[in-house]
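Below is one structure, written out as structure tokens; the observations come after it.
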Amino acid sequence: MNSAHERRLIHRFDFNAMGCPCALQLEADAEVAARAAAAAQAEVDRLDRKYSHYRDDSLVAQIGASADAGESIVVDTETADLLDFSATLHAQSGGRFDITSGALTRLWDLKNGRIPDAAAIERARARCGWDRVEWKRPHLRLGVKGMRLDLGGVVKEYAADRAAQVCRDVGIVHGIVDLGGDLTVVGAHPDGSPWLAGIKSPRDTSRAFAQIELHAGGLATSGDYERAVIVDGRRYSHIVDPASGIPVESFSSVSVVADSCLVAGAASTLGMLLGLRAGHDWLLGLGLPFLCIDADGNASGTLAGARDEGRGTRDE
Amino acid sequence: MRINFGAAGRLILVTAALLGGCATTPVQPWERGRLARWDMRWDPDPLQAAMREHAHFSKEGSTGEIGAAGGGCGCN
Amino acid sequence: MRRHLSPSLAALMSAATTLVPEAHAQTATGADTESLVSYRFNEYDEDAFAPRPVIGSAERYGVISQQFQLATPVGTDAALSASATHEVMSGSSPWYVVQGPNHQPIQVMSGATIRDHRSAVSASWTQGTGSSGGTTYSASYSAERDYHATAVGIERSIPLSAALTLGVGGSFSHDLIDPVDAQLYDRVQHGQKNTASLFGSLAWIIDRSSVLQTGIQINSEHGFLSDPYKLVTVGDGTIHDLRPGQRDQMAWLVRYRHAFSRPDASLHLDFRYAQDSWGVTSQTLEAAWYQPLPARWQLVPALRYYSQHEARFYAPFFSDPAAHNFFTSDYRLGTFGAFSASLNLRKRLGQWEFSGGFERYHGATDYALGGSDAAVPAVVSYTRAFIGLDYLLK
């Protein structure tokens, strides 16, 4: 039986980066695909190393050191663009998106089942606040000792877009990049048919909740189902509101489709940050296709009809 | 050409000075949301603007708006 | 279309263009990404003559016009727009003015009620729809029984800095006039007119909520500029409307737009000052308010004030011909002012947008700035209404 699907020569490359399983699916000659995969992987690794929290030689570490020393640091164009982008998200979310709120996020990464006390929260809040940062491109001055930049919210999606562009630069026309669930399409299949992207079901992560057709652009998912903790019957996500210092009551996952994974990721993150009611309304007003799944497994959003049916949207 | 540039010329110089002399902080990329709104265009509804201008042009003695490259009609 | 992006999405996409330019190329360039098809139906009705002595019909002019337009992006860096207009005009027009028994002016209207139609097409091509500037080439053609006009134009938009954009352009029009019933009424049988114009403008982004534009336009007309259908009372008889063969005009314009949030409304203010070699000077002031209403409705009330001072050779009638070289009693070159109020409504429904509105224009001699002592009969008042439909093709 020669189905069109079997006749496709899709080369798949799996690797690990940014703390999650990544995969490239490229439809091209083996040699071109291999070159593209190597280049794309190198680009993702570059960004991983540059913006990592866990490495002493990363840019984020250098920025942290400058914060402790009370100094200003000059950043390169790519970082400056990411900071400008983060500032846009800060403005669009009314301050909830804050790349300096790493201390608060880590505080609520509950491991021993005990929620932090008010004093711990205040101490963490004292080390956060984008409003305290002096950002006059290209000079960055974090105002507070102990303040750390956490670009995790944008770098992974940016890396997916960059990996896809690197593949295109090498000559790949048909393919898709998957960085731990954040997807960017290099190009649709040769016959014009879309890639099928699955959105994980929060309650059973081995199953797909919905399938989305992607001809172009990116799909990003913000989810806390892997990191939310239930203490005394209450569910605490790791999405912290910098103003109050405590987690917001939000969806267990938000997925958005956009022209780039970067914008899709920004929209899904903001949808999560704004909470159940405001987040949904904001996503509706934004106009991009989206899917929200709450803690009870109820789906809402313009992609909600794509559930289990293989239908979807996002054609161009 | 018997146009008197006197009063008009002074008005134009004043506007140019206002534009040139103002040192305002530039609008950052993340602040451009409002400027991108449909109702912030110079002409949100160009077809209606054309119709309106056509009516005014036919019934009044002055020239049309800046940049109009439209053809004439026998109405004025 | 850019206009259908929510402000939040526009902000996100603008910010993303530096990082992922290929994905957001069209947003970065500000280009519209979808095609738009539009239709408008307009009706224009002049008020009948007020209780004022008139010879001939008291009914005035009416026009029904339809506009059709298609605007589409071409590739990632260009745009094409094409439009067609068709108008049906009927009614009578002011013909000449006679002096009444008490020396007051009496307007004589043209006897025959004309019924004519006009068709026009135009197209424009924009190359470089982006932040590094663009050039627009346009051409148009208009035809009616007695008038044919061909025009071409070019416009260039040059960004000078993040906040300043320079606009320059020019156009040229060649018009042919073949008056109806020329022999019967001893009119000029054939005339032509050439118009050249140049403009320059500066647009300034003042802050995140306000923009300002200022510009100058210079026009020069040469050829047959008189109105072949109008007469002028000179002494005891009438002669044909006679205007100079050259007219040079200059206009200066300032436009301001301010965006408010909560609600997402905006204020538009426009001012124009114009002056020409015939002695006509005018000032125009317009204000409009764009008010969003729930369920994607939008209401736009607007006001306009116009004031004009007469041409050197205008008078309702002339007693001493020797003192003048040129003669006209066309009210459109007289001293008058006009107030107009309009109200437009729009509603967005999926890919469709419905619109409609009306304008009420009232002109009078006393509305002119600085008042007026000369009577200008036949200053017009009219009502204009329209309905429209837009469809967004994805």
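Below, chains carry the letters A, B, ... as their sequence lines are ordered, and counting in each starts from 1. Quantities reported herein were computed from a predicted structural model and do not represent experimental measurements.
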Subject >> Minimum-distance pair of heavy atoms, taken over all atoms of B:Asp39 and C:Ser266 >> reply: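 In terms of heavy atoms, the two residues are closest at OD2-OG, 2.8 Å.
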**OP:** Might you point out which heavy atoms bring C:Glu359 and B:His56 nearest each other, and give the distance in Å?
**Re:**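 Residues C:Glu359 and B:His56, closest heavy atoms: OE2-NE2, 3.2 Å.
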For [X], is it the side chain, the backbone, both or neither that has a heavy atom under 4.5 Å from a heavy atom of chain B?
X        : result
C:Glu310 : neither
C:Ser210 : backbone
C:Glu286 : side chain
C:His148 : neither
C:Val211 : both

Subject >> C:Arg332 (side chain) donor-acceptor with B:Ser58 (main chain) under 3.5 angstrom >> reply: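 Yes; judged by distance alone, with no hydrogens or angles, the pair exists.
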Original post:
Is there a donor-acceptor pair closer than 3.5 Å between any side-chain N or O of C:Gln249 and the backbone N or O of B:Ser62?
Top reply: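 Pair absent, no side-chain N/O of C:Gln249 close to backbone of B:Ser62.
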Subject >> Spatial distance of atom NZ (B:Lys59) from atom CZ (C:Phe336) [nearest 0.5 Å] >> reply: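 Taking NZ in B:Lys59 and CZ in C:Phe336, the distance rounds to 10.0 Å.
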Subject >> Lys/Arg N to Asp/Glu carboxylate O, C:Arg257 vs B:Asp43, below 4.0 Å >> reply: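 Salt bridge flag = no for B:Asp43 with C:Arg257.
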**OP:** Determine, for B:Glu60 against C:Arg304, whether the closest basic-nitrogen to carboxylate-oxygen distance falls under 4.0 angstrom.
**Re:**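 A salt bridge links B:Glu60 with C:Arg304.
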[X] versus [Y]: any side-chain heavy-atom pair under 4.5 Å?
X        : Y       : value
C:Thr85  : B:His54 : no
C:His268 : B:Pro44 : yes
C:Gln67  : B:Met51 : yes

**OP:** Please identify each residue that fulfils side chain to side chain donor-acceptor pair (under 3.5 Å) with C:Tyr61, with sequence neighbours left out.
**Re:**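 In terms of side chain to side chain donor-acceptor pair (under 3.5 Å), with neighbours along the sequence ignored, C:Tyr61 is linked to no residue.
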Subject >> Residue, of C:Thr18, C:Val63, C:Thr284, C:Asn42, that accumulates the most heavy atom pairs under 4.5 Å with chain B >> reply: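 Answer, by heavy-atom pair count under 4.5 Å with chain B: C:Asn42.
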Original post:
Got a sec, which residues hit ring pair (Phe, Tyr, Trp, His ring centres under 6.0 Å) with C:His309, two or more places apart in sequence or on another chain?
Top reply: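 Scan of C:His309 (ring pair (Phe, Tyr, Trp, His ring centres under 6.0 Å), adjacent residues dropped) gives none.
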